[in-house]
Amino acid sequence: MGRLAPAILVVAVLTQASPATVRDTRDGAVYPVIRIGSLDWFARNLAFAATPSWCYGDRADGCVAHGRLYTWTTARTACPAGWRLASDEDWMNLENALGMRADELRNERARGTDQGARLRAGGATGFEALISGYRRPEGDYVRRGERTAYWTATEANVDDAWHRDIRPDVDTIYRSPVTKTYALSVRCVR
């Protein structure tokens with residue numbers, strides 16, 4: 001019980017004083033915005049129809065709640081003016097602001113304690129990560145309901161970029177390189 005009270009207090013401080021929404025002038029879409037750490041984050045996946053990008057299952061209704069899925073190259077330029085694709089460093093700052101130990105931030109695979117749970121829909125931060133799945137380079141859609149995968153703007157090597165996975169049944173956050181031709185979700189920051 002004593003352990004939960006400080007976490008609740010930290011979240012209340014981290015998510016205050018941010019603009020409530022932002023309108024993407026390109027398509028009129030409105031995104032809720034939250035502040036975690038020192039950055040404003042979209043509190044919903046980007047849904048702008050940049051080329052190439054896809055709705056899960058190639059169905060327009062797949063984009064309504066979950067946003068679009070983007071290759072890494074497209075994701076880097078998909079955010080509206082004044083916003084950008086979150087970098088690996090931005091994600092590490094978010095994770096650290098939510099209590100992940102500094103010595104875990106650059107680790108690969110599952111890291112942290114409850115940061116993933118706090119970012120999921122219904123979590124304590126307002127980030128509202130839905131478990132949206134992703135698109136493989138071959139064109140098949142997988143893992144909806146099992147995980148959501150977010151691009152970072154940071155290359156891991158010439159073929160791969162860093163990403164984050166949030167899962168419904170695991171409270172940690174997964175960090176690893178992913179081939180840039182996969183199509184993942186995007187969160188914009190400023």
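Heads up: numbering here begins at 1 and tracks the sequence. As the structure is a computational prediction, the values presented were derived from the model and not from experiment.
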Quick one: do Tyr141 and Trp54 satisfy ring pair (Phe, Tyr, Trp, His ring centres under 6.0 Å)? Show the steps, please.
CA-CA 10 Å; Tyr141 297 89; Trp54 299 267; 7.6 Å; no
Could you go through Arg84 and Val189, starting from their C-alpha distance and side-chain angles, then the distance that decides it, and tell me whether this counts as side-chain contact (heavy atoms from CB on, under 4.5 Å)?
CA-CA 5 Å; Arg84 60 182 169 74; Val189 298; 3.4 Å; yes
Let me see the working for Leu94 and Asp90 under side-chain contact (heavy atoms from CB on, under 4.5 Å), right down to the final yes or no.
CA-CA 6 Å; Leu94 175 147; Asp90 294 332; over 6 Å; no
Step by step, work out the side-chain contact (heavy atoms from CB on, under 4.5 Å) result for Ser53 and Leu69.
CA-CA 5 Å; Ser53 65; Leu69 302 171; over 6 Å; no
Kindly determine whether Asn93 and Asn96 satisfy side chain to side chain donor-acceptor pair (under 3.5 Å), including the steps that lead there.
CA-CA 5 Å; Asn93 288 335; Asn96 187 247; over 6 Å; no
Full working for side-chain contact (heavy atoms from CB on, under 4.5 Å) between His163 and Leu184:
CA-CA 9 Å; His163 95 294; Leu184 310 181; 3.9 Å; yes
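When every heavy atom of Tyr150 is checked against every heavy atom of Ile166, the shortest pair comes out as CE1-CD1, 4.1 Å. Scanning all heavy atoms of the two residues, the minimum distance from Ala65 to Leu130 falls at O-CD1, 3.3 Å. Ala97 approaches Gly37 most closely through the heavy-atom pair CB-CA, 3.8 Å. Residues Cys63 and Arg68 share a closest heavy-atom pair of SG-CG, 3.4 Å. The two residues Gly62 and His66 come nearest to each other via the heavy atoms O-CB, 3.6 Å.
Judged by distance alone, the side chain of Glu108 and the main-chain N or O of Arg106 form no donor-acceptor pair under 3.5 Å. Proximity of a side-chain donor or acceptor of Trp72 to a complementary backbone N or O of Glu155 within less than 3.5 Å is not detected. No donor-acceptor pair closer than 3.5 Å links the side chain of Arg118 to the backbone N or O of Thr125. Listed for the Thr152 side chain is a donor-acceptor partner under 3.5 Å among the backbone atoms of Thr154.
Note that OG of Ser185 and CD1 of Ile131 are 10.0 Å apart. Values are rounded to the nearest 0.5 Å. Annotation: the span from Lys180 atom NZ to Thr73 atom OG1 amounts to 6.5 Å, rounded to 0.5 Å. For the atom pair Thr148 OG1 and Arg143 CZ, the distance stands at 12.5 Å (nearest 0.5 Å). Taking CG of Asp171 as the reference point, atom CG of Asp114 lies at 6.5 Å (rounded to 0.5 Å). Between Asn45 atom CG and Ser132 atom OG the span is 5.0 Å, to the nearest 0.5 Å.
With respect to Arg167 and Asp169, no salt bridge is recorded, no charged nitrogen being found less than 4.0 Å from a carboxylate O. Taking 4.0 Å as the cut-off between side-chain N and carboxylate O, Asp88 and Arg175 count as a salt-bridged pair. We find that Glu128 and Arg187 are not joined by a salt bridge, their nearest charged nitrogen and carboxylate oxygen being 4.0 Å or further apart. Arg164 and Glu95 are joined by a salt bridge, as a carboxylate oxygen and a charged side-chain nitrogen come within less than 4.0 angstrom of each other.
Shown here is Arg26, whose CZ atom has more than 12 heavy atoms of other residues, nucleotides or ligands within 6.0 Å.
Counting heavy atoms from C-beta on, the side chains of Tyr31 and Leu46 come closer than 4.5 Å. Residues Asn107 and Leu105 form no side-chain contact, since every pair of their non-hydrogen atoms from C-beta on lies 4.5 Å or further apart. Residues Arg23 and Val30 are in side-chain contact: their nearest non-hydrogen atoms beyond the backbone lie under 4.5 Å apart.
Counting only N and O atoms by type, the side chains of Arg135 and Tyr182 include no donor and acceptor under 3.5 Å apart.
Ring centers of Trp41 and Trp91: under 6.0 Å apart, within the cut-off. Taking the ring centroids of Trp151 and Tyr70, they lie at or beyond the 6.0 Å cut-off.
With hydrophobic clusters built from ILVMFWY side chains whose heavy atoms lie under 4.5 angstrom apart, Phe48 shares a cluster with Phe42.
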